[in-house]
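Each remark here refers to the structure printed beneath this line.
Per chain, numbering begins at 1; letters A, B, ... match sequence-line order. For the numbers below, each heavy atom of this structure counts, side chains included, while hydrogens, waters and symmetry mates do not.
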2 protein chains.
Amino acid sequence: MATIKEVAAHASVSVATVSRVVNNNGYVSEDLRLRVTEAMHLLDYKPSALARSLRRQESLTIGVLVPGLNQPFFAALATIIQTTLFAAGYRIIICSSEESSDDEAAYVDMLIRQRVDGAIIAPTGRSSEAITPLLSKMPVILIDRDLPDLRVNRILANNFQGGCYAMEHLLRLGHRHIALIGAQPHSASMDQRIQGAWKAIADAGVAENSLKTLISERSEFDVGYAFARDLLRRKRRPTAVFALTDVIAIGVLHAAAEVGLKLPDELSVVGFDDIPLSSYLIPSLTTVAQPIHRMGEAAAELLLSRIKNGHPEPFESLLLDMKLMLRASTVPHRRGA
Amino acid sequence: MATIKEVAAHASVSVATVSRVVNNNGYVSEDLRLRVTEAMHLLDYKPSALARSLRRQESLTIGVLVPGLNQPFFAALATIIQTTLFAAGYRIIICSSEESSDDEAAYVDMLIRQRVDGAIIAPTGRSSEAITPLLSKMPVILIDRDLPDLRVNRILANNFQGGCYAMEHLLRLGHRHIALIGAQPHSASMDQRIQGAWKAIADAGVAENSLKTLISERSEFDVGYAFARDLLRRKRRPTAVFALTDVIAIGVLHAAAEVGLKLPDELSVVGFDDIPLSSYLIPSLTTVAQPIHRMGEAAAELLLSRIKNGHPEPFESLLLDMKLMLRASTVPHRRGA
DNA sequence: CCTTCAAGGGAAAACGTTTTCAGGAATTTA
DNA sequence: TAAATTCCTGAAAACGTTTTCCCTTGAAGG
């Protein structure tokens with residue numbers, strides 16, 4: 001691989017001159033500029049980002065740490081962040097911790113050694129332990145999942161509001177026997193969705209036993225199906241389900257079909273996330289959409305501004321609005337259905 | 001951020017000694033080793049991967065270039081590759097080109113400047129133009145999507161075989177009026193699935209007009225729904241659909257429900273990919289599973305071996321077997337249904 | 001007692017850039 | 001004409017490591 005020295009030799013100039021034309025700063029005559037660009041093309045010269053980063057003391061790289069690329073939401077988020085940052089001249093290192101705190105800590109360590117200029121993190125657990133080492137070393141943006149007592153900027157979707165929206169919707173349709181099904185009990189977002197649901201119950205003034213919550217440690221894919229199968233077979237089964245995730249909702253749909261319920265007439269289902277598939281399900285899924293695009297962009301932009309301008313204490317949180325997507329899976333409750 | 005010099009000063013030794021204890025090579029007395037490790041902890045010293053890479057002339061980083069992280073298949077593939085390589089001491093830079101050749105070329109350029117030690121690539125288009133610059137500079141493994149006339153190692157799933165399996169299955173069930181629906185006409189994998197389907201037709205000795213192929217430029221999400229809606233309304237509608245992708249199959253399911261067809265009795269559907277969701281659809285989707293885990297691992301391992309051992313000409317391809325997943329969406333054809 | 005060898009450690013070169021500094025030439029200003 | 005300014009260029013330091021080379025010391029072997 002050609003180095004700047006070889007280019008300089010080939011063009012009979014100093015390395016300083018080559019550097020000037022590469023970075024297009026400082027004075028250099030047309031004559032030499034031409035000779036240098038020619039030599040660069042001839043030798044297929046590509047400056048080493050390693051050497052440049054070392055000298056400039058900035059890597060133009062930022063770390064993105066998500067709990068699981070297999071979750072469509074995070075895949076989409078990572079893609080948006082990548083697109084935004086790449087356009088700004090930054091590259092990203094995406095790390096998928098697969099919900100493991102140990103892996104998360106290992107990736108954090110790696111990002112530090114890699115001298116990334118900043119990090120955008122959707123943390124795995126409820127504990128901030130794994131990511132604290134980063135905070136003193138670079139700007140960090142927390143995204144999607146909150147952690148208490150951390151002095152960082154946050155980009156969050158209003159999960160409380162979303163939970164509220166979903167439950168309000170079901171209550172307004174007349175449902176009074178509702179099951180809430182969730183997984184991942186260690187996530188603050190899930191907690192807030194549940195809180196929102198209870199808030200809607202309280203605001204509507206309906207009986208507290210209108211809502212039953214079922215939370216499992218199992219994976220998203222299993223839990224909806226497993227819970228719903230039992231639940232829907234009971235004599236007094238719920239008339240509506242609030243699934244804390246679209247993937248869970250899909251499991252519920254599956255179970256309902258197996259049990260022989262006619263959807264949506266005999267069971268209304270509302271999901272959460274608005275993954276691409278949800279509008280293609282049968283029936284198409286009413287769900288709460290996260291402002292995923294704005295989250296990704298906002299995180300990227302906020303991080304860049306922090307890298308350029310330094311600490312903007314106090315650390316402010318950006319709380320973005322959710323949106324209820326009305327589709328076919330929810331209908332008014334009919335007495336006797 | 002602490003440097004090796006500061007650690008050396010703090011422990012009253014030379015930087016060479018610190019380096020020796022960090023890398024655990026060369027001779028160093030217990031006395032000094034202790035003083036150094038103490039100083040390292042005290043200063044929270046983390047060696048700069050930048051400086052190390054520059055000096056060692058290897059970055060321990062490899063580039064992974066996929067056409068779209070939003071496609072569950074590639075998200076899963078990237079995750080597997082990352083896990084395998086991270087365990088081997090390598091980090092990866094994941095780039096998602098979003099099926100754009102221009103972005104792909106930009107990422108390729110970036111990977112070269114970043115001095116990655118190798119690359120695993122699932123190319124975007126049919127042309128090898130965008131990625132050729134890499135070939136002369138580092139070991140490259142092509143994965144999932146083939147490109148002709150490239151002197152590289154390949155890890156491919158046998159898409160031809162998969163297409164064959166799917167079509168054989170439908171034919172064996174007695175279907176003789178089958179629609180093949182696809183998107184992404186620029187992908188070699190899709191071509192091969194189609195070829196496989198025709199091979200099954202030929203082998204079974206049934207009439208060539210048993211199969212109609214419909215390929216669109218539109219996105220995966222739209223195409224299944226759009227085509228199927230038209231198709232299923234005709235007087236002589238197909239009794240089975242082979243969807244070139246699970247996501248397309250989901251669109252078909254949706255359209256069938258809308259048109260009022262009873263699934264799977266009035267329409268059999270077979271998909272391709274076996275994305276996590278496919279077993280949770282209603283009816284659960286018969287589909288062709290890619291050996292995705294073996295693909296990712298094989299690619300990672302082969303790349304590492306090429307980095308260590310250099311060119312193993314001739315370039316061999318690894319062609320992995322597909323597997324037909326029998327589920328509920330396909331049933332025997334009944335005359336008069 | 002002399003030679004060899006192993007253990008231990010420091011000085012300095014090297015990796016490929018960017019950037020500061022210094023200086024020369026050409027041009028403008030006083 | 002002298003002084004100041006602008007344009008242009010190269011030498012060399014610096015970024016943070018690793019590694020080579022060399023030197024010392026102590027012990028073992030003859």
Applying side-chain contact (heavy atoms from CB on, under 4.5 Å) between B:Arg154 and each of B:Leu142, B:Ile141, B:Val140, report the one that passes.
B:Leu142

Any salt bridge between B:Glu58 and B:Lys308, counting N to O under 4.0 Å?
no

Going by an N to O cut-off under 4.0 Å, is there a salt bridge joining A:Glu297 and A:Arg294?
no

When rounded to the nearest 0.5 angstrom, what distance separates CG in B:Leu111 from CD1 in B:Ile131?
11.5 Å

Using 0.5 Å steps for rounding, measure from the CG atom of A:Leu43 to the CD atom of A:Glu6.
6.5 Å

NA contact type, B:Arg113, heavy-atom cut-off 4.0 Å: base, sugar-phosphate, or nothing?
nothing

Under 4.0 Å between any heavy atoms, over every strand shown, what does A:Ser19 touch: base, sugar-phosphate, or nothing? Just pick one.
base

Salt bridge (Lys or Arg N to Asp or Glu O under 4.0 Å) assessment of B:Glu38 paired with B:Arg35
CA-CA 5 Å; B:Glu38 235 167 41; B:Arg35 293 217 315 260; over 6 Å; no

Among residues at least two apart in sequence or on other chains, which ones pass side chain to side chain donor-acceptor pair (under 3.5 Å) with B:Gln114?
A:Arg91

Using a 4.0 Å heavy-atom cut-off, write out nucleotides 3-11 of chain D from 5' to 3' as B (base contacted by protein), S (sugar-phosphate only) or - (no contact).
----SBBBB

When you check the side-chain N and O atoms of A:Glu99 and A:Gln71, is any donor under 3.5 Å from an acceptor?
yes

First and last nucleotide of DNA chain C in contact with chain B, 5' to 3', at under 4.0 Å to a heavy atom: what are they?
C:dA7 to C:dT17

